[in-house]
Amino acid sequence: MKILLIPLNLTNFPYHFLKIFTSLWLLVLIGLSVPTYAQKAGKQAASDKQAGSAGADYSTDKQVVAKGQQLFQQNCTACHNFLQKGIGPNLASVTAEVPAEWLKAFIHNAPEVIKRGDARAYALFEEYKQTMPPFTHLSDGDVEALMAFIHSKRKVSATDAGSEKLGAPLNDPIPAKIAQSGLQLKLEEVTTAPASADKIPLARINKMQVLPGKKDRLFLEDLRGTLYEMEGNSLRPYMSMAKERAGFIHTPGLATGFGSYAFHPDFYTNGLLYTTHTEKANAAPADFGYADSIKVTLQWVLIEWKVTDPNATEFSGTGRELFRINMVSPIHGVQEITFNPLAKPGTPDYGMLYIGIGDGGCTENGYYFICKERSRPWGKVLRIDPKGRNSKNGKYGIPADNPFARDKSALGEIFCQGFRNPNRISWTPDGKMLISDIGQAHSEELNLGKAGADYGWPDREGTFVINYRGRMDRVYALPANDATFKYTYPVAQYDHDEGNAFSAGFVYTGTAIPALTGKYIFGDVVNGRVYYVESSQLTPGKQTPIRELAIQVAGRPATFQQLSNSKKTDLRFGTGLNNDFFLYTKADGRIYKITDCVPVQ
């Protein structure tokens with residue numbers, strides 16, 4: 001067995017780039033049977049054989065191990081644990097499987113190890129055509145302490161408890177490939193967002209939203225802390241989260257930072273703006289927490305801002321905290337807050353705030369009950385009345401028509417549940433609520449939102465069984481009695497042959513491009529491929545066919561990997577003024593507008 005450890009300095013390192021390594025790490029864990037590796041692996045067999053008796057290479061000094069634990073928590077916990085594979089591999093036996101000197105060299109400078117033709121390192125590069133960054137800032141003592149801690153957590157073998165009755169794992173859950181549509185989007189580059197870092201991703205531009213009013217306004221936020229107003233082809237800073245909240249942090253990446261924002265539908269009369277952001281662990285008492293024995297990596301905070309002048313071009317106002325929630329790891333936080341744009345004044349949904357909360361990585365860290373139980377908010381979409389006061393903390397309201405509002409055993413804020421990472425919520429013109437969910441290792445999904453529904457996580461990933469008590473890098477076919485569980489399944493999904501993370505989009509509602517009318521346009525965060533489904537075909541209980549759209553820029557065929565000069569595109573979608581449709585990439589901060597859709601020539 002050959003295992004790679006890739007320690008991560010997660011600052012400025014995007015979560016969805018990390019996800020691309022999940023499948024690769026699985027290959028590494030089971031032996032990396034790619035041809036080039038097989039050809040080269042024999043040369044390293046002798047050194048590999050020595051690894052099993054390499055315990056003497058790792059310090060057992062308590063102070064060294066404690067220092068290593070601190071380094072591990074700072075650099076590695078978002079992707080690694082000692083229970084099973086998460087974003088990165090299970091490290092329970094890594095020090096028994098690879099030589100200590102190789103491990104040390106790879107931690108220090110992976111690109112250099114690749115350059116000299118090392119089989120394991122080269123297999124990573126050969127498969128994905130990109131390298132992990134060097135970590136030369138870590139001293140020899142740091143690396144040795146880190147390795148000592150990892151060695152102290154070693155286990156003889158990993159188990160797959162509970163898989164005995166699940167049947168054979170599915171190697172290719174969705175064999176059918178996404179078909180080409182025969183259509184090509186013409187894109188025009190309109191601007192580049194200001195760089196908020198000197199390394200990729202250069203600009204963590206995320207959510208785009210139109211603020212309707214006498215004069216419609218367009219906003220776009222950077223997860224590193226700035227909310228911009230987009231005027232023509234320029235971005236002007238409107239709000240700085242770092243300025244408003246002294247405890248604001250945007251590291252380690254992985255969708256942390258200025259997560260989302262939403263203007264109240266009566267913003268121009270009440271001046272209410274809502275935001276989410278991250279702060280350090282234990283920055284303040286949490287409204288939603290768990291047992292003290294479980295680690296807290298950071299907190300997400302929901303704020304209601306009273307804007308002094310809703311018409312002003314620069315933010316000024318005061319904020320009040322609605323709630324604060326602890327997270328086991330940096331991943332899968334509070335990445336979406338939104339109001340239903342179709343709700344009319346006087347209807348029950350008007351002014352109700354929807355909040356998508358991920359599982360915070362609790363499942364893959366062994367605390368699945370945190371998101372599984374209906375009395376907790378993790379892995380759920382919440383629906384609250386920001387103007388109410390009947391919540392437990394008295395800072396917001398629980399709508400009486402919420403599905404569990406009268407259930408004393410459940411959290412009344414819950415609208416629906418069973419998500420790993422419900423990172424985008426939108427509505428189709430005909431009233432369907434859409435919730436995207438980013439999967440673990442196999443399935444990326446789009447769901448129809450329904451009050452009280454359970455979408456299956458952590459028992460299900462897409463339309464497949466996942467064993468949250470065992471190895472979560474495997475999925476299985478649904479059991480014969482699946483209907484008895486009453487799970488709600490996606491209306492569209494794809495597996496990791498096609499991409500690694502669902503990048504949610506919108507239904508095209510403009511009139512300038514008839515070929516796109518009614519199409520829900522979305523894509524994959526990592527590889528930047530662009531897809532669509534017909535909105536009219538999104539039906540509960542059925543899988544809607546996905547089709548791929550080609551793209552061209554300046555009259556030439558292109559891909560977002562080519563355009564951004566990066567394998568990790570961090571593709572996002574947004575709608576703008578006059579129903580314009582935008583695509584943009586965090587890798588380079590470039591923003592494109594769809595100008596036409598034509599047959600591929």
Side-chain angles (χ1 to χ4, degrees), residues 207-220 260-270 272-274 310 335-356 380-388 396-403 405 413-416 419 422-437 446-453 455 488 490-492 504-513 516-522 532-540 544 573-582:
K207 179 178 179 178
M208 179 181 285
Q209 180 177 346
V210 173
L211 171 61
K214 290 183 179 180
K215 177 186 176 183
D216 290 350
R217 300 165 67 183
L218 182 61
F219 291 82
L220 175 67
S260 187
Y261 65 98
F263 295 96
H264 192 280
D266 296 325
F267 174 76
Y268 279 110
T269 57
N270 63 24
L272 296 180
L273 166 66
Y274 299 86
Q335 297 178 48
E336 177 70 295
I337 55 174
T338 188
F339 294 94
N340 180 352
L342 304 179
K344 303 299 182 183
T347 61
D349 214 24
Y350 190 78
M352 300 299 106
L353 183 65
Y354 289 86
I355 307 163
K380 317 290 195 302
V381 170
L382 309 187
R383 179 175 178 262
I384 68 170
D385 179 1
K387 293 185 174 183
Y396 59 88
I398 299 174
D401 60 344
N402 270 10
E413 291 92 328
I414 296 173
F415 179 76
C416 54
F419 301 101
N423 73 328
R424 289 293 178 271
I425 301 170
S426 64
W427 280 262
T428 67
D430 59 353
K432 300 185 187 82
M433 181 184 184
L434 302 180
I435 306 172
S436 63
D437 193 14
L446 180 67
N447 301 279
L448 290 181
K450 179 182 177 183
Y455 297 84
T488 299
V491 290
F506 302 89
V507 175
Y508 179 76
T509 56
T511 58
I513 311 175
L516 296 180
T517 301
K519 288 179 170 55
Y520 174 80
I521 303 170
F522 65 103
Y532 77 84
V533 292
E534 296 289 351
S535 174
S536 61
Q537 296 178 11
L538 297 174
T539 305
T544 308
F573 298 82
T575 55
L577 305 178
N578 305 312
N579 298 309
D580 286 339
F581 204 108
F582 292 90

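Bear in mind the structure is a predicted one, so any value in this text is a computation, not a measurement.
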Q: Please tell me if the side chains of F339 and F267 come closer than 4.5 Å, counting only heavy atoms from C-beta onward.
A: no
Q: Within the side chain of Y508, is there an N or O that forms a donor-acceptor pair under 3.5 Å with the backbone of I513?
A: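 Yes, Y508 side chain to I513 backbone: donor-acceptor pair under 3.5 Å.
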Q: Check whether any side-chain heavy atom of L448 sits under 4.5 Å from a side-chain heavy atom of L538, and report yes or no.
A: yes
Q: Identify, with sequence neighbours excluded, every residue that meets salt bridge (charged side-chain N to carboxylate O under 4.0 Å, His left out) alongside D430.
A: K432
Q: Side chains of Y268 and L211: does their closest heavy-atom pair fall under 4.5 Å?
A: yes
Q: Compare all side-chain heavy atoms of F522 with those of L446 and state whether any distance is below 4.5 angstrom.
A: no
Q: Quick check against the 3.5 Å criterion: does T544 have a side-chain atom that pairs as donor or acceptor with the backbone of V491?
A: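 A pair under 3.5 Å: yes.
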Q: Return the set of residues passing salt bridge (charged side-chain N to carboxylate O under 4.0 Å, His left out) with D349 (not counting sequence neighbours), or none when no residue passes.
A: R383
Q: In chain order, what residues pass the ring-ring contact (aromatic ring centres under 6.0 Å, His included) check against F219, with sequence neighbours excluded?
A: Y238, F263
Q: Using 30° and 60° as the class boundaries, would you call the ring planes of W427 and Y354 parallel, tilted or perpendicular?
A: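 Geometry flag for Y354 against W427: perpendicular rings.
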Q: Residues two or more places apart in sequence or in another chain: which of them pass salt bridge (charged side-chain N to carboxylate O under 4.0 Å, His left out) with K519?
A: E534
Q: State, yes or no, whether a side-chain contact exists between F581 and I521 at a heavy-atom distance under 4.5 Å.
A: yes
Q: Can you name the ring-ring contact (aromatic ring centres under 6.0 Å, His included) partners of F506, sequence neighbours left out?
A: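 For F506 there are no ring-ring contact (aromatic ring centres under 6.0 Å, His included) partners, ignoring immediate neighbours.
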Q: Salt bridge (charged side-chain N to carboxylate O under 4.0 Å, His left out) with E336: which residues, sequence neighbours excluded?
A: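 Only K207 meet the salt bridge (charged side-chain N to carboxylate O under 4.0 Å, His left out) criterion with E336.
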Q: Taking all heavy atoms of A405 and all of P399, pick out the closest pair and write down the distance.
A: CB-O, 3.5 Å
Q: Which value, rounded to the nearest 0.5 Å, describes the distance between T347 atom OG1 and M352 atom CE?
A: 9.0 Å
